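Worksheet: the structure to be examined is printed underneath.
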Amino acid sequence: MFLMRILLQFPEGLKAGALEAARKLKRKGHEVVISASPCYGACDVAFSEAEAVGAEKIIHYGHAPFRLRVKPRIPVEYVEHRARVGCEPALKKALEDPDFRKCRRVALITTVQHIGQLAEMKRFLEKGGKKVVVGKHGPLAAYDGQVLGCDPGSAVSAEGKADCILYFGGGLFHPLGAALACKKRVIAADPFLRKAFWLDGERERYLKRRKGLLMAGVSARRFGILVSVKPGQLSLEPALRLKKRLEAAGKEAAVLVSDRIEPEALENFRSFDFYVDTACPRLALDDWGRFGKPVMALADAELPVSLLEKAKK
Ligand code: SF4
């Protein structure tokens with residue numbers, strides 16, 4: 001007999017520790033099943049797998065609690081992960097940057113992996129002569145100063161009190177999301193690469209691509225609206241509303257639903273000439289090159305759709 005059957009879920013970077021986590025729970029008297037599916041974020045909670053194996057609880061590792069778009073069918077415990085990497089080398093690089101030197105007030109943002117270092121980062125930057133502002137988090141993040149690719153709220157709420165925004169963490173997805181949501185410039189201090197760089201070029205490239213997408217959207221005839229059923233991504237109602245508007249504007253449109261939106265799985269839908277992404281913003285921001293067709297984020301689709309509507313009148 002066991003106390004409870006629990007499904008464990010890990011992002012790729014933490015799967016190496018899955019067996020050890022399972023052992024610990026087993027020693028406490030639980031039966032453990034480990035999800036082998038990819039897990040991309042806090043939005044991605046494996047309710048279907050848990051139900052299929054009769055789990056009474058899900059332990060979701062690596063991410064902070066998240067406001068899901070569906071009512072949790074099984075209790076979820078989030079076990080956050082903190083990266084073990086020093087913050088000083090990358091922040092030092094930022095402090096050496098000539099443009100950053102001119103910024104007296106800095107809005108500091110990061111991901112949940114580094115949120116425990118926020119106070120240390122703040123102290124270091126203050127020692128370097130900066131006034132540091134930590135913004136109130138948005139609707140999906142759990143901590144002030146924390147950003148998600150789908151929630152740059154901490155950057156947006158702080159930018160009015162700052163001369164620039166400093167993102168601490170790896171990758172381009174989060175700082176680019178902040179750069180697109182804010183008017184102030186964003187500098188990334190990457191502790192893994194130990195360097196600091198401005199996001200201006202990435203932002204410009206995205207805006208240029210978005211202009212091209214606008215033209216493609218206006219001339220497209222058949223739209224595929226991508227909807228993920230992941231519990232933190234599901235946007236069926238906005239997708240259906242968009243479909244209606246496109247049809248009223250004389251276009252053909254279909255809602256394409258899947259757990260994971262994979263460009264390769266869309267290849268044989270040859271009829272569509274334009275995709276709108278209502279799922280994770282990463283698809284339109286990072287993965288667009290894999291689609292072989294134009295793909296635009298739902299928020300950006302408003303402009304081409306309203307142009308189509310005006311043209312129809
Ligand atoms: S929707 Fe995308 S950005 Fe938001 S939590 Fe999920 S994986 Fe992260």
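Quick note: residue numbers are just sequence positions, from 1. Keep in mind that this is a model prediction, so the values were computed, not measured. Counting convention: from 1, in listed order, for ligands and their atoms alike.
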E126 pairs by salt bridge (charged side-chain N to carboxylate O under 4.0 Å, His left out) with which of R123, K130, K122? K122

E49-S37 side chain donor-acceptor pair, cut-off 3.5 Å: yes

Under-2.8 Å protein N/O/S neighbours of atom 2 (Fe) of ligand 1, ordered by chain then residue number: C280 SG

Ring centres under 6.0 angstrom apart (H60, Y78): yes

Using a strict cut-off of 4.0 Å, indicate which atoms of ligand 1 neighbour a heavy atom of F173. 3 (S)

Heavy atoms, side chains only, cut-off 4.5 Å: are Q233 and I261 in contact? no

Residue pair A155 / V147: nearest heavy atoms and the distance that separates them: N-CG1, 4.2 Å

Those residues at least two apart in sequence (or on a different chain) that pass side chain to side chain contact (heavy atoms under 4.5 Å, CB included) with R260 are P38, Y40, K230, E262

